[in-house]
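Every chain is numbered from 1, with letters handed out A, B, ... down the list of sequences.
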Amino acid sequence: MALNYFVIGYYALLIGASCMTAHYNMRGAFLALFSLTLASFVMGIIGGEPALWSVTVGAGVIALCAGTAFAFREFLSIILPHEGAKAMRSAPLTASFGLFVIGTYAIAGIFAPIIAPFGEAEVIAQAFEPANEEMLLGADQLGRDLFSRLVYGARNTVGLALVATIAAFVMGALAGLLAATVGGWFDQFMGRFADVIMSIPSLIFALLMLSIFGTNLFVLVIIVAIIYSPRVFRLTRAVAGNIVVMDYIEAAKLRGEGLWYLIRREILPNSTAPLIAEFGLEFCFVFLLVAGLSFLGLGIQPPTADWGSMVRENATLISFGEITPLIPAGAIALLTVSVNFVVDWMLYRSSGLKE
Amino acid sequence: MADKKKDVLLQIKDLKIEGYSDEKWVEIVHGVDLTLHRGEVMGLIGESGAGKSTIGLAAMGFARDGCRISNGSVEFDGMELTTTSEADRRALRGSRIAYVAQSAAASFNPAHRLIDQHTEAPVYHRMMKRMESQEDAIQLYERLRLPNPDEIGFRYPHQVSGGQLQRAMTAMAMSCRPDLIIFDEPTTALDVTTQIEVLLAIRDIVEQFDTAAIYITHDLAVVAQMADTIKVLLKGNEVEEADTRTMLENPKDDYTKSLWAVRSFQRDEKPRPGGDSVPVVSVKNVDAAYGPVKVLEDVSFDVYAGMTVAVVGESGSGKSTTARCITGLLPPTSGHIEFKGEVLPPSYKQRSKDQLRQAQMIYQMADTALNPKVRICDILARPAEFYGGLKGGELKARVDELLDLIELDPAKFYYRYPPELSGGQKQRIGIARALAAEPTFIICDEVTSALDQLVAEGILKLLDRLQKELNLAYMFITHDLATVRSIADEVVVMKEGKVVEQGPKTEMFTPPHHPYTDLLLSSVPEMDPDWLTQLVKERGVEQLGENADRD
């Protein structure tokens, strides 16, 4: 390994930073930095300068993400009203990063026709044409602009997953609340029914149903909702089960309140926190299932842009060492990770430190 | 006792503790000094929020999550606890300083046997071998007069009663023979008859081993029995400190005097309305059961308009079950409930809206009785809207009127949520919710037992005033006889699901009593520091031991 300015600067920076953290008694940061220094010695010897470059780039990307997250958190805590601002100030960086990514995706999805330079089904170039001034990410297997399709994909894939998750939640949560409030045989019946649905492998169930009813969006949403509603049902029932035994529920019952009032005004407001957290989690699963179905050719049908099928269509490029097919896959991964960051934060908030 | 001056064990100087709330550190204890000698028992009293428990924990060098010791020193036997390492403090805790928590049921691990939890500390601190410690535990159980001391340690926490559990907890605190024990309201959750046994056990064992103790409570009569010196706290400040007798006979500060005067609230007894007036609620020969277990047997009593009937008894005597039968949550297996002469359907589901409206309930735990996610105005508006059909401005006026009635400022409380209120305020909202339905009969289920005495007195006075203004009938469930004495017109004494004795209050409080009533009455702690000693002389230790066997 040649000792050029980059390598010398690299080690000088790491060692200097390690010493600083050690001096200011920041144990965690010191351990992380110094183990990175030690690992860099090994990597430098084995991988040479390129290995150190990739570490630098990785660190730069993480620093950029952290910076964005930090700035976005400050931004939100200034523009949001009182309650939201208070919540944001105590939010971890991961959560604000997640919010930032989700926000970006949402904007991309909502304003897709304005943002995307070309239509999602518009053929504008040769197949697999590399990136140029017009096409940010090059063309796909039919010569359509990959960037435009990615933007439209945000609308189609995320939109579908969102609708399916909401449907699953409405079904599952309503059934769970009813089961917990009514109790008795109805509770038992719903519980066992949920067990039956959960015992069927989800992908196989989806494939079966889609081949019976045909692949259209409506069927897709209903099937995904049916597959995921039992999980929501179980959670809701467990949460509501702890609430229905409270004195205020007894007071409402003795007042003569009806079932619907009990569910809507007394039980639901007290179970929203875990339900919202679960919503984020389920959204990821649904999203992955939809993408998986698309990859198998049973989800959203062409020429509609969709991340799952984009991976499949461009898969041949992988053997040429191109990373193009991994971009939609990366988009899926980034969103999933971001949603989980936000969900983690919400779970933390709902589990302990409220009020 | 106070005269045996020995060397100083614990010295707290200018202790300040801060709590984190609303993104700021707020000082909750403002510079308290405390000196405790070896073998001395100090009582810390004050209402909730006075910082009693926080100071108690600080004596172990411990601050709760979200709290920090910001200033001052805590010196335990020559060792400064605020600056020593966590490891050193851990070595002290359990071995030289022990802690007995308020709720033994919540503090024992339900998955392990009592004796295994008992031996954990001595084995951990390398003071005893496991078998030695077990033998020692059995001896301690014997000294604390637990029934079957050889065997009781091998039970799980749910297999013994609350009073026994509290004594087992005290035994556990003793396991390493600490120099200092901190008792944090050890008897608050117990009823009077079990309270005596626990108090006596604690007092004896503290005397036998010459252990110093800090006894935290809001019950003055209890602290009078236990402590050599008493320190009164108010909102994180010390009000005054003196030895027990001086404090009881001659309190200096106005606040202390007001604490002493709490139990003086008393109301004249009203006689039953004469002639052929019909009782508002009449319980007729009610039997009830949870599944196959019979819990009520032939319970009968009447409640007349404008009168308060107190139902007393220890826990498990069927007081609350009777209330559940009246409200219709638990349909009786035989007998029935009459409301103004007409028979009520057994289950609340079959009752008409008007029948439900007339009988309302106020709960013991205001925390769980109010939905934390609903604003005060909506909580109070709902019954008015549901029964009275009020809307818009009329409804708002009604809510304001209700808030005025319970002496809370509508402008301040209208849009708040229950968790933003103090315990006493929550209980007032609970009362207002019951009133919003314009009832004629209200069941008060231990409404004051979760509150400290000044607040409880306020609630009692409010209930009394409302009764006069609105001619309400109350069924007052309680195990606190001081409450009965102050507010009741008639008393029903229950034991094991049966009515033992009933009659007008004055009659009930003048002998001769039923033996059980007598036991309840004589078990209420009095402000006299010699009361417990006297009582033991009268009843004999064996008698107390028998009670222990029974529960």
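Among residues two or more places apart in sequence or in another chain, the salt bridge (charged side-chain N to carboxylate O under 4.0 Å, His left out) test is passed with Glu338(B) by Lys284(B).
Counted within 6.0 Å of CZ on Arg192(A), heavy atoms from surrounding residues, nucleotides or ligands total more than 12; the atom is thus considered enclosed. More than 12 heavy atoms of other shown residues, nucleotides or ligands fall within 6.0 angstrom of atom CZ in Arg68(B). Around the CZ atom of Phe34(A), the shell of radius 6.0 Å holds no more than 12 heavy atoms that belong to other residues, nucleotides or ligands. Open room surrounds CZ on Phe193(A); 12 or fewer heavy atoms of other groups in view lie less than 6.0 Å from it. Residue Tyr290(B) places its OH atom among more than 12 non-hydrogen atoms of other residues, nucleotides or ligands, all under 6.0 Å distant.
Using a 4.5 Å cut-off between heavy atoms, Asp378(B) contacts chain A through its side chain alone, with no backbone atom that close. For a residue to count as touching a neighbouring chain, one of its non-hydrogen atoms must lie under 4.5 Å from one of that chain's; by this rule Arg433(B) touches chain A with the side chain only. For chain A, no part of Tyr417(B) is nearby; none of its heavy atoms comes within less than 4.5 Å. Neither the backbone nor the side chain of Ala437(B) comes within less than 4.5 Å of any heavy atom in chain A.
Under the side chain to side chain contact (heavy atoms under 4.5 Å, CB included) rule, Met246(A) has a single partner from Asn371(B), Thr368(B), Leu370(B), which is Thr368(B).
Taking every heavy atom of both residues into account, Tyr248(A) and Pro372(B) meet most closely at CE2-CD, 3.6 Å. The two residues Lys373(B) and Asn270(A) have their closest heavy-atom pair at CG-OD1, 3.2 Å.
Contact count against chain A (heavy-atom pairs under 4.5 Å) is highest for Leu329(B) among Leu329(B), Ile379(B), Thr327(B). Contact count versus chain A (heavy atoms, under 4.5 Å) is highest, among Ala359(B), Gly328(B), Gly430(B), Ala369(B), for Ala369(B).
Separation of atoms CG (Asp247(A)) and CD1 (Ile362(B)) is listed at 12.5 Å; rounding is to 0.5 Å.
Interface residues of residues 249-265 of chain A toward chain B, defined by a heavy-atom distance below 4.5 Å and sorted by number: Glu250(A), Ala251(A), Lys253(A), Leu254(A), Arg255(A), Gly256(A), Glu257(A), Tyr261(A), Arg265(A).
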